[in-house]
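First the structure, then my questions, so here it is.
Quick caveat, the model's predicted, so the values are computed rather than measured. Values below: every heavy atom of this structure, side chains too, minus hydrogens, waters and symmetry copies. Each chain gets a letter, A, B and so on, in the order its sequence line appears, and its residues count up from 1.
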Amino acid sequence: MSEESIISLKNVNKWFGDFHVLQDVNLEVKKKERIVVCGPSGSGKSTMIRCINRLEEHQEGSIVVDGIELTGNLKNIDNVRKEVGMVFQQFNLFPHLSVKENITLAPIWVKKMPKAEAEELAMRQLEIVKIPEQANKYPGQLSGGQQQRVAIARSLAMNPNIMLFDEPTSALDPEMIKEVLDVMVDLANGGMTMIVVTHEMGFAKTVADRMVFMDEGKIVEQASPDKFFNNPESDRTKLFLSQILHQ
Amino acid sequence: MNEMNEVRKPPVATTGIIGWLRINLFFNWTNSLITLFVIYCLYQFIPWILDWTIFSADFKYNYLGEQITNQEMCSRNLDPENGGACWAVIYVRFYQFIYGFYPKVEVWRVNLAYVMLAFALLPLLYAKLPYRKYFLYFTYIFPIIAYFLLNGGLGFTEVSTNKWGGLLVTLVLGCTGIALAFPIGIMLALGRRSKLPVISMMCTLFIEFIRGVPLITLLFFGMVMLPLFLPEGIDMDGLVRVLVAVTLFQSAYMAEVIRGGLQAIPPGQYEAAKSLGMSYWRMNLLIILPQAIRISIPPIVNTSIGLFKDTTLVIIVGILDLLGIGRGTLADTNWLGLSYEIYFFVSLVFFIFTFGMSRYSLYLEKKLKTGINMGAD
């Protein structure tokens, strides 16, 4: 089972207007694998992971998630989204709901879970992200790091098989980055399949099974962290690493 | 040192009543001059208006002690030097102002409907009401009860709508228009933003057409044209035709107001909802609309107040609302020349309702703001 791909992107192409944002992207992700995607801004990394839960539509090629192919079929899209959790750069918590309600909303309405059970689940998830005491506050009353941890708890409450992280720490003050990364490391150690778009190279080195480097809509290089950081193949990767590591 | 700082109080001259007066009314000499001028104007105006409306006014009897039955008996017409407003006209015509020409034997039905309306509004106005849920059920079925109560049927004698008038018509038009336009407006706003071109185009066309036409035209349309579209033999009630026109008009405006609120919701909210597996309707009902409507409360109340006042236009298609009854009274030779009193009264009634709506919107804004910081997102 572990050798089989849980996510498979084959020759994926996408355009924004005339701009060719994804060019023949091929990516296979195995179960429990942890992938870190990096690359300069505008390289298509966010677009690629947003295609995996169909927040963006790809125009050519195929994307198969857990055996379900993503097409125009709305039912398939709903099923994939139930499998895949996503954490955003801007947290995107629902500001009109309390922390607890943010987490219980989808289990109650999408999974039809009884309210009491959902609330218990929410408290468990908040324990995991280490902020159970904030359950009754509203997102606007929390710090960025706390909001992002609530966002992670909200995703986990749907019990996803796969978690996508779209630059989860980029909007955070430096002193809050660690608390979010700690939660993500715990999650990785727990065996979650993860695709993380990030510039946190320290995190990548500790957690990633594989690094994916993208530039101008193409995957330029895929390698183990060890090889990627110490002995990258392409010149483009070397340039990127020298810029990001020795600034 | 630190403790000393914590207990230091602000200078006396900037706090309390004296501080407030200083900062707001007598900050510098221009400010003081304006304050004094305004006080002088109020000093001139307030005693005069109080005298005219209350102290020198006739309520039921004139200054000779006779009961007033026509304008000639008003104190101010008997002796122009003496006497203020002649409220007797309102007293004598009060029934018409409130019920129109509703038969007197059946008027308890209207009164009951008024009381029930108050109960139906209660759970909407006051969120902490005990047993609010059960009151809300009543709110939902109230329109049906009110229909049978006012119009007849189910054992009640029928009272044709051409006998309705005054405040009754104003409230029926205002409440129904606002209550129906809200859900229709939401659907139109969502439809206009829909990704399906047919739906989006139909909603846009509808909104633009209705909004581009004056309400008076729509009222004439409802009165004259609507019957042409109906199958022969079916006669649509005059008030219902007007209601259709008013509701269509209001829902187009409501749609644009709510669309404004929808535009303000960051795309991340849609993405978060979708990534949690929510369907289009769940996403809108649970995430998007609650926020969009919250943002749009001031303009929603604004257009609602606008509609409430615009209902007076029904006078041109022969329906006598509060203002219509007032104008009818003025045309009566018994009460010629009492336009001040009548318009003052009509304005006052409208003001009470619209001011109530405006206060309610402030209360809602305050209540819903609790702990929500939309900007922080």
* Check each atom of Arg50(A) against the heavy atoms of chain B and say whether the ones under 4.5 Å are side chain, backbone, both or neither. =>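 Contact with chain B is through the side chain of Arg50(A) alone.
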* To do: Give the minimum heavy-atom separation between Met158(A) and Leu276(B), together with the two atoms involved.
  =>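 Smallest interatomic distance, heavy atoms only, reads CE-O, 3.4 Å.
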* For Phe16(A), does the CZ atom sit with more than 12 other heavy atoms under 6.0 Å from it, leaving out its own atoms? ->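 For Phe16(A), atom CZ is crowded (more than 12 foreign heavy atoms under 6.0 Å).
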* To do: Look at atom OH of Tyr363(B) and say whether more than 12 heavy atoms of other residues, nucleotides or ligands are closer to it than 6.0 Å.
  =>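 Atom OH in Tyr363(B) is packed in, count exceeds 12.
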* Asked: So, His96(A) side chain and Leu286(B) main chain: donor-acceptor pair closer than 3.5 Å or not?
  ->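 Yes, His96(A) side chain to Leu286(B) backbone: donor-acceptor pair under 3.5 Å.
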* To do: For the pair Gln291(B) (side chain) and Phe94(A) (backbone), establish whether a donor and an acceptor sit closer than 3.5 Å, ignoring hydrogens and angles.
  =>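 Not a single qualifying donor-acceptor pair exists.
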* Glu208(B), CD: over 12 other non-hydrogen atoms inside 6.0 angstrom ->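 For Glu208(B), atom CD is crowded (more than 12 foreign heavy atoms under 6.0 Å).
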* Asked: Take atom OH in Tyr134(B); do more than 12 heavy atoms of anything else shown fall under 6.0 Å from it?
  ->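 Count not over threshold, so no.
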* To do: Evaluate whether atom CZ of Phe206(B) has more than 12 neighbouring non-hydrogen atoms of other residues, nucleotides or ligands under 6.0 angstrom away.
  =>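 Counting other residues, nucleotides and ligands, CZ of Phe206(B) exceeds 12 neighbours.
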* Asked: At what distance, to the nearest 0.5 angstrom, does CG of Asn102(A) lie from CD1 of Ile287(B)?
  ->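 Spacing of CG (Asn102(A)) from CD1 (Ile287(B)) equals 7.5 Å.
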* Asked: What heavy-atom pair brings Gln269(B) and Leu93(A) nearest, and what distance separates the two atoms?
  ->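 Nearest pair, atom of Gln269(B) first, then Leu93(A): NE2-O, 2.7 Å.
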* Top residue by heavy-atom pair count (under 4.5 Å) with chain B, among Leu55(A), Asn53(A), Val87(A)? ->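 Greatest number of close heavy-atom pairs with chain B: Leu55(A).
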* For atom NZ of Lys32(A), decide whether the heavy atoms of other residues, nucleotides or ligands shown that lie under 6.0 angstrom number more than 12. =>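 Result for NZ/Lys32(A): open.
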* Atom pair CD/CD of Glu271(B) and Glu56(A) - distance to nearest 0.5 Å ->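 Nearest 0.5 Å value for the CD-CD distance: 7.0 Å.
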* To do: Below 4.5 Å from any heavy atom of chain B, which atoms of Val110(A) appear? Answer side chain, backbone, both or neither.
  =>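 Both backbone and side chain of Val110(A) come within 4.5 Å of chain B.
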* To do: Quick one: pull up CG in Asp78(A) and CE in Met278(B) and give me the separation to the nearest 0.5 Å.
  =>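 Output value for this atom pair is 11.5 Å.
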* Of the non-hydrogen atoms in Gly277(B) and Arg81(A), which two are nearest, and what is the gap between them? ->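 Distance-wise, the nearest heavy atoms are CA-CB, 3.9 Å.
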* Asked: Heavy-atom count around Met202(B) CE within 6.0 Å, excluding the residue itself: above 12?
  ->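 Open: at most 12 neighbouring heavy atoms sit under 6.0 Å from CE of Met202(B).
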* **Check: Trp109(A) main-chain N/O paired with Arg282(B) side-chain donor or acceptor under 3.5 Å** =>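 At least one qualifying donor-acceptor pair exists.
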* Going from CD1 on Ile52(A) to OG on Ser275(B), what distance comes out if it is rounded to the nearest 0.5 angstrom? ->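 So the CD1 of Ile52(A) and the OG of Ser275(B) are separated by 13.5 Å.
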* Asked: Heavy-atom count around Lys112(A) NZ within 6.0 Å, excluding the residue itself: above 12?
  ->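 Yes - once you tally the heavy atoms of other residues, nucleotides and ligands closer than 6.0 Å, there are more than 12.
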